[in-house]
Amino acid sequence: MRGKIITILIILFLAGTIFRGYIIEITKREIIKQEAGVQISPDLFESLKNAPFLNYIGVSQPQANSLTCYGSHLETHLPLEENGVVYPGLSFVGIVSGGQSISYAYSVGDPLAAFGYKMDEEVYSEVSINSQDFEIITYPHMIVKKFNYSSLFIKTNITYSDADTFYINVKVENRGNESKKITPIIYGRAANTWARVINSFPIFPKGEKKDNYIFVSMRYISIYPKLYLTKVNAVMKPSFQIKNFIRGEGILYKVTGDDIELKKGEEISFSYAVAVITKGSEEELLQHVNGALQKNWEEIEKSSRKFYKSFIDSLPQPELCLDEKEKRAYAYAAWLLRHNSRYPTGKFNYTIIVPAHTFYDALWIWDAAFHVLALREINVTFAQNHIIQFCERQDPTTGMIYNFYTEEGHKIDPPVSLAPFLSWAALSIYEFSEDEEFLEKVYPCLSKFHNWWYEYRDADKDGLAEYTHAYESGWDSSPRWDKFILGIRIPRNPFTHISVEAVDLNSILYIDALTLAKMAKILGQDDLHWIEKAEQIKERIEKNMYDNKTGLYFDTQLDGEMIKIKTPACFMPLWAKIASKEKADYMIQRYLLNESEFLTPMPFPTVSRSEKTYMTDDYWRGNNWLHISFLMLEVLHKYGYDEEADAIAKQIIAHMSRAETFGENFNPETGETSGHTDNCSWGAAIYIEICLKRYKEDILENGLGDEIIGG
């Protein structure tokens, strides 16, 4: 009995320790989130604007000012400027490929690897200099850091030699009047107490010197979405011979080379490489760093630049209809899509674009459907694979596709789906590629997904599907759901279960049926079934969801009572072209283009200005979401309001180019970014699509003269 009690007490103690560690880790994450802003002086801002190639600066979160590898599973940030000190990069690796990943894992202090030197018995490093002596230039493919200290001018260039390997080139020039004896130093650690590792706990660190390289290893116990052990290995190797190795606490390390006599005006150059892999051996890591160090800096920089530039240049360039700021934002949008790409890990078999690194590392139905609008312009296969990936993760029995899958491809609770935009997205890709094999691959999956809604989300079997959870709607905290939580607004409550025959859902299902009919016809299969299904959906929307009094379409409860909250969802029957021209004209003129309703400075808010629940900085209770604005622009185009749509598109483009980043959502009154994170992929994708739509209409269709467009 006593043994059992002791065992229980030990278990409780261990559980309490883990829980306490988890809470402390969460607290650290919040502290770091508050402290992680990169402050850039106006003078530096101007110099960056004029730097060669492409530079992106001036945003509040460090992930925008970062360098990501080819597959964006490795990431380093600009050094953090805080209290006059510029911390060094390489920062801790943000995302790691090859099985389980580590997210939120960058350090604001000790780096993964940084350069320093010893001179006149004093040790100098990037940490020890004042920020006024430090200059940073960022490119999509490289971070350049320059600083002067004690008569030495030092320049470091950070890029990637391959998808798993950082490559750092260091140049040291003696600008003094006397010869100097210096000792090169490289120091860092693979992780530390500041590392933000979500849902994970570091154990068993190891760092040791091998044959002129340092091997460091870390293990993490992860507890969500399931219990597993993550292995992270890294190798750091310099081009110079390691003379001394010092290991500190955990896996702190410092290596020094031989003394170098640097005469007046002389310059020396050396490199070091750092490879990081999860499911990889020490031998594999060593191959990566050896391969990097066998090349010269110019060769690696040229290759890296070409890779990044080719991705950006693969987009059409609508330069004639964009000003300089808008062109810059357009290029940044292309970079951001590449930045937010992820190599396949876990249950995923294809590279995907996640909504935002370090905050939304997952594959969402909504986001992916809008990402592919821009991706089809860049790489059709890349776009196709997003739809295929969802089909491969579909429940083979029921046909359900979850609203999102984790970065490893796992399903996540609550078990909800999301409005079926995938068929619409798939057909938009086909219109570019005319690839029937792609349609053959996804058509059965998308058909099954459509039918799932009527099997599992039509409780009263009246032919109108329902959302059963706020998360299933995508409109998490919308006042559309307030009635279902006893009139108490609890935004983003994971327990918010609803039961609403939603007007947006059924309009999307109508388009889904018509889209599947088009696919069936292309593939030589029966399309009449889908056409009949679409007509039935249209009839039920018109009969049950149109309110004669207001002239709007609304959600309904299962008992038929309308939920009369004015939101852009009211216009989704127009996006589906269900509404007659007469009804549409009234809705557009009375509401959509009315400044008292939806025509805010940053059009269109997710709640009408005239509603009591309208707010300007609260997620789905008024904030502008770009994909919703994009759909509303399509509404205007579909009913002949092309001039109005073009004017509003210009307004949106202007706001976004001024913001200098692509937020999750925007304040509808000021256009300022809002939401949980900056640098969201669907903002970038939709910005590209709006620019291209405007380009194609203004330049190609209306024509500005053959001599302008090179005809």
Side-chain angles (χ1 to χ4, degrees), residues 355 360 362 364-370 400-405 412-422 424-425 449-450 452-454 456-460 464-485 488-512 537 541 544-545 552-558 561-573 575-576 604-608 611 613 615 618-632 664-665 675-676 682:
Y360 290 118
W364 262 269
I365 290 177
W366 264 26
D367 299 74
F370 288 95
M400 180 184 184
I401 298 177
Y402 276 62
N403 64 341
F404 77 94
Y405 297 87
I412 196 161
D413 290 328
V416 295
S417 189
L418 206 57
F421 274 108
L422 294 178
W424 170 76
F449 185 39
H450 181 98
W452 174 85
W453 286 93
Y454 295 96
Y456 294 91
R457 293 296 187 266
D458 185 10
D460 56 4
L464 291 172
E466 305 122 22
Y467 289 136
T468 62
H469 195 285
Y471 287 178
E472 193 158 75
S473 73
W475 300 56
D476 301 1
S477 62
S478 174
R480 295 165 68 188
W481 326 130
D482 282 2
K483 189 169 184 177
F484 293 87
I485 46 177
I488 303 171
R489 183 174 64 83
I490 310 177
R492 299 172 293 282
N493 183 342
F495 302 107
T496 304
H497 289 273
I498 61 178
S499 186
V500 177
E501 292 178 339
V503 66
D504 55 330
L505 170 61
N506 286 280
S507 299
I508 295 163
L509 282 165
Y510 169 77
I511 288 292
D512 198 52
I537 299 170
I541 290 174
N544 296 282
M545 296 182 159
L552 289 169
Y553 293 86
F554 290 112
D555 305 324
T556 63
Q557 299 176 191
L558 293 185
E561 182 182 347
M562 287 185 175
I563 304 171
K564 294 186 179 182
I565 305 291
K566 295 192 293 292
T567 73
C570 299
F571 300 92
M572 288 303 287
W575 177 75
F604 299 90
T606 47
V607 177
S608 167
E611 293 283 353
T613 52
M615 302 177 74
D618 196 306
Y619 228 53
W620 286 95
R621 306 183 78 85
N623 279 17
N624 165 284
W625 291 71
L626 282 175
H627 66 300
I628 299 297
S629 293
F630 176 80
L631 294 174
M632 295 303 101
E664 184 179 15
N665 47 68
H676 290 137
W682 67 5

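Residues: numbered from 1 along the sequence shown. All heavy atoms count here, side chains included; hydrogens, waters and symmetry mates do not. Everything numeric here is computed off the predicted structure, so don't read it as measured data.
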**Student:** To check you understand the geometry: which heavy-atom pair defines the closest contact between Trp453 and Leu418, and what is its length?
**Tutor:** CZ2-O, 3.2 Å

**Student:** By side chain to side chain contact (heavy atoms under 4.5 Å, CB included), which residues pair with Gln557, not counting sequence neighbours?
**Tutor:** Lys483, Phe484, Asp559, Glu561, Ile563

**Student:** Mind running ring-ring contact (aromatic ring centres under 6.0 Å, His included) on Trp682 and Phe421 for me, showing each step along the way?
**Tutor:** CA-CA 14 Å; Trp682 67 5; Phe421 274 108; 9.8 Å; no

**Student:** Quick one: does any side-chain atom of Asp458 pair with a main-chain N or O of Ala465 as donor and acceptor, under 3.5 Å?
**Tutor:** no

**Student:** Apply ring-ring contact (aromatic ring centres under 6.0 Å, His included) to Trp424 and Trp575, showing your working.
**Tutor:** CA-CA 12 Å; Trp424 170 76; Trp575 177 75; 5.8 Å; yes

**Student:** Could I get the full list of salt bridge (charged side-chain N to carboxylate O under 4.0 Å, His left out) partners for Glu664, not counting sequence neighbours?
**Tutor:**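 Salt bridge (charged side-chain N to carboxylate O under 4.0 Å, His left out) check on Glu664 returns nothing, list empty.
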
**Student:** Look at the aromatic rings of Tyr360 and Trp364 and report parallel, tilted or perpendicular, splitting at 30° and 60°.
**Tutor:** perpendicular

**Student:** Identify the two heavy atoms, one from Gly675 and one from Tyr619, that lie closest to each other, and give their separation to 0.1 Å.
**Tutor:** CA-CE1, 4.4 Å

**Student:** Any side-chain heavy atom of Cys570 sitting closer than 4.5 Å to one from Val503?
**Tutor:** no

**Student:** With sequence neighbours left out, write down each residue that passes salt bridge (charged side-chain N to carboxylate O under 4.0 Å, His left out) with Glu472, or none if nothing qualifies.
**Tutor:**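 Partners of Glu472 by the salt bridge (charged side-chain N to carboxylate O under 4.0 Å, His left out) criterion, ordered by chain and then number, come out as Arg457.
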
**Student:** Is Thr606 reaching over with its side chain to a backbone N or O of Gly622, donor-acceptor style, under 3.5 angstrom?
**Tutor:** yes

**Student:** Classify the ring geometry between His450 and Tyr454 as parallel (under 30°), tilted (30 to 60°) or perpendicular (over 60°).
**Tutor:** tilted

**Student:** Give me the atom names and distance for the closest heavy-atom approach of Val607 to Pro568.
**Tutor:** N-CD, 4.4 Å

**Student:** Run the salt bridge (charged side-chain N to carboxylate O under 4.0 Å, His left out) test against Asp367 and tell me which residues pass, sequence neighbours left out.
**Tutor:**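 Once residues adjacent in sequence are excluded, Asp367 has no partner under the salt bridge (charged side-chain N to carboxylate O under 4.0 Å, His left out) criterion.
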
**Student:** Mind checking what makes side-chain hydrogen bond (donor to acceptor under 3.5 Å, both in side chains) contact with Tyr467, not counting sequence neighbours?
**Tutor:** Asp504

**Student:** Could you work out, with salt bridge (charged side-chain N to carboxylate O under 4.0 Å, His left out) as the rule, every residue matching Asp555, not counting sequence neighbours?
**Tutor:**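 By the salt bridge (charged side-chain N to carboxylate O under 4.0 Å, His left out) rule, Asp555 matches Arg480.
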
**Student:** Identify the two heavy atoms, one from Tyr471 and one from Asn403, that lie closest to each other, and give their separation to 0.1 Å.
**Tutor:**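 Minimum heavy-atom contact is O-ND2, 3.8 Å.
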
**Student:** Whether the Ser499 and Glu466 side chains hold a donor-acceptor pair (N or O, under 3.5 Å, no angle test) is what I'd like checked.
**Tutor:** no

**Student:** Does any N or O in the side chain of Arg621 come within less than 3.5 Å of the main-chain N or O of Ser477, such that one atom is a donor and the other an acceptor?
**Tutor:** yes

